[in-house]
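Report on the structure given below.
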Amino acid sequence: YSAAAPALFALPRTTGWKDFYLAQEYLDKYYTPKGEHHLGEMTSGSNSMTRKVQQMQAFFGLRVTGKLDYSTMGVMKRPRCGVPDVAN
Amino acid sequence: YRLFPGEPKWKKSTLTYRVTKYTSSLSHADVDKAVEMGLKAWSAAAPLNFVKATSGEADIMISFQSGDHGDSYPFDGPRGTLAHAFAPGEGLGGDTHFDNAEKWTMGMNGFNLFTVAAHEFGHALGLAHSADPSALMYPTYRYQHPFGFHLPKDDVKGIQALYGSRQS
């Protein structure tokens, strides 16, 4: 991600790298069906992350932008259940 | 409401549960009480009965765990992930784990155990996360008052889709 992220996954001004890594971890944990983990990341890189952000935003009724905006990060930082939101 | 893929559910109406590992945040009696009330929320809406076991293997094995605890879903310390539970099935199926690093409480100063337990038991009975913010099965924590608690409509629909409604 370190090379691809700035171009393919534009971070809003309010989102720092710390949030980016937090988001990556969150999406891996709750929006990656088991078995897709490494394959998904290797083949589709940041596009896969954008897709997962969109999935997450749709689930939580947020504006679906695929970007790590303030409200998306807000939901990601809330304490929650560890069961993934996407089917395993 | 949403169900897990394949819609796993228990084939029997009486299920056993057992707390195998307690937390130091609360007394055993408080943990038992929160668990009992959490299960009661579901048995009030569907024809399910829960029987407490004190030894051996129960359908729903409940424990407080720290970090990596051997099920491929490690806990992450305070906040973040609070708990998780497995869908109905043999072995790990139905088992419910709480992150021991959280401050568990019977009130509002920390994470209310009844609130989280009731949510996790929804998973243990076959419900996945709901996208309805008013549902108990919504993924993020929101305090629920334990006394006089009734399942929100969305959760009632979900549990009754799996097990039917409770005959009064």
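As a basis for the values below, the full set of heavy atoms in this structure was taken, side chains included, without hydrogen atoms, waters or symmetry mates. By convention in this document, chain letters (A, B, ...) are assigned in the order of the sequence lines, proteins followed by strands, and residues within each chain are numbered from 1. Just so you know, these numbers come straight off a predicted model, no measurement behind them.
B:R142 does not touch chain A: none of its heavy atoms, backbone or side chain, sits under 4.5 Å away. Only the side chain of B:F111 comes within contact range of chain A, with heavy atoms under 4.5 Å apart. Interface remark: B:S72 contributes backbone and side-chain atoms alike to the contact with chain A (heavy atom separation under 4.5 Å). Residue B:D99: no heavy atom, backbone or side chain, is found under 4.5 Å from chain A.
The shortest side-chain heavy-atom distance between B:P139 and A:F60 falls under the 4.5 Å cut-off. With contacts defined as side-chain heavy-atom distances shorter than 4.5 Å, the pair A:R80/B:Y138 does not qualify.
Side-chain heavy atoms closer than 4.5 Å link hydrophobic residues (I, L, V, M, F, W, Y) into clusters, and following such links, possibly through other members, connects B:Y163 to B:Y17.
In terms of non-hydrogen atom pairs under 4.5 Å with chain A, the most contact-rich of B:A85, B:A128, B:A131 is B:A131. Chosen from B:H123, B:R79, B:H119, B:H97, the residue pairing most often with chain A at heavy-atom distances under 4.5 Å is B:H123.
The minimum heavy-atom distance linking A:V83 with B:H129 is given by the pair O-CE1, 2.8 Å. Annotation for A:R78 and B:T140: closest pair NH1-OG1, 3.5 Å, computed over non-hydrogen atoms.
Summarising the geometry, atom CD belonging to B:E120 is positioned 4.0 Å from atom SG belonging to A:C81; distances are rounded to the nearest 0.5 Å.
Defined by atom type and a distance below 3.5 Å, a donor-acceptor pair is present between the side-chain atoms of B:T81 and A:Y30.
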